[in-house]
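Everything below concerns the one structure shown next.
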Amino acid sequence: SQITIYSLAGLMNFRLSSLLNQIQTFLVSAIGTVAFFFSRDFLAQHALVIITATVCLAHVLVIFLGSYSVIKSMGKLVWRWHLPSGFWRFSSFVHINTVCTFAYLCVDQIFVVAALGIQELGAYFIMVQCANLIRFVPQRIGQVMLASFSHLVGVGEHDRLKWGYMKLC
């Protein structure tokens with residue numbers, strides 16, 4: 001799903017790219033909140049299944065919505081199977097980093113579930129997701145404006161860059 005998001009950003013479709021980038025966080029937060037408030041017992045018994053299914057659903061949505069836009073932007077799609085040299089070395093490096101990043105980013109949740117239990121982990125996770133929403137707007141603005149500001153720096157229009165930055169702030 002990240003490849004689809006990066007392809008959309010490369011095709012200058014920043015709005016859809018940004019939206020699809022946040023769909024996983026939004027879906028997990030929304031479904032977790034609904035389950036927490038309306039069915040705590042069900043959430044406590046099936047938390048892992050709910051979170052896994054929601055994340056899978058988010059990835060499937062991103063792939064379908066993003067692929068449709070990418071294919072529409074590119075025109076006719078021709079499928080060819082070719083693995084460039086060094087693919088497996090690069091791929092294994094990326095996947096090992098993904099596993100290590102997952103362990104690093106979830107260590108707090110592992111400690112919470114070990115010390116307090118699954119129900120408290122659900123409450124902790126929802127609180128962390130709400131706290132992360134504070135950074136949402138500045139990150140999206142920065143992501144969208146990076147390409148424009150990079151273009152202005154590249155063509156040497158520093159006055160327009162300064163004006164755009166001041167207007168944004």
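Computation of the quantities below employed the complete heavy-atom set of this structure, encompassing side-chain atoms and omitting hydrogens, waters and symmetry-equivalent molecules.
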Legend entry - Exceeds 12 heavy-atom contacts within 6.0 angstrom, atom CZ of F38: no

Inset, instruction - Can you measure from CD (Q119) to CD (Q45) and round to the nearest 0.5 angstrom? - result: 10.5 Å

Inset, instruction - Measure the CG-NE2 distance between L146 and H151 for me, rounded to the nearest 0.5 Å. - result: 13.0 Å

Legend entry - F102 reachable from I96 in the ILVMFWY side-chain graph, under 4.5 Å edges: no

Legend entry - Nearest heavy atoms of L121 and V112, plus distance in Å: CA-CG1, 3.8 Å

Legend entry - Shared hydrophobic cluster for F149 and I141 (ILVMFWY, side-chain gaps under 4.5 Å): yes

Inset, instruction - Side-chain contact test, heavy atoms from C-beta onward, threshold under 4.5 Å: evaluate it for V55 versus H59 and give yes or no. - result: yes

Inset, instruction - Kindly work out whether a path of hydrophobic side-chain contacts (I/L/V/M/F/W/Y, heavy atoms less than 4.5 Å apart) joins V128 to V34. - result: no

Legend entry - V113 with L116, same ILVMFWY side-chain cluster at under 4.5 Å: yes

Legend entry - N97, CG: over 12 other non-hydrogen atoms inside 6.0 angstrom: yes

Inset, instruction - Taking all non-hydrogen atoms of both residues into account, name the closest pair between D108 and L105 and its distance. - result: OD1-O, 3.3 Å

Inset, instruction - Give a yes or no answer on whether the side chain of S18 reaches the backbone of R15 with a donor-acceptor pair at less than 3.5 Å. - result: no

Legend entry - Nearest-0.5 Å distance, NE2 of residue H95 to SG of residue C100: 13.0 Å

Legend entry - Distance in Å, L133 CG paired with Q139 CD, rounded so as to fall on 0.5 Å steps: 10.5 Å

Legend entry - Shortest non-hydrogen contact between N21 and R140, atoms and distance: ND2-NH1, 4.1 Å

Legend entry - Nearest-0.5 Å distance, CG of residue N132 to OG of residue S29: 8.5 Å

Inset, instruction - Would you kindly confirm whether L57 and I63 end up in one hydrophobic cluster when ILVMFWY residues are joined by side chain heavy atoms under 4.5 Å apart? - result: no

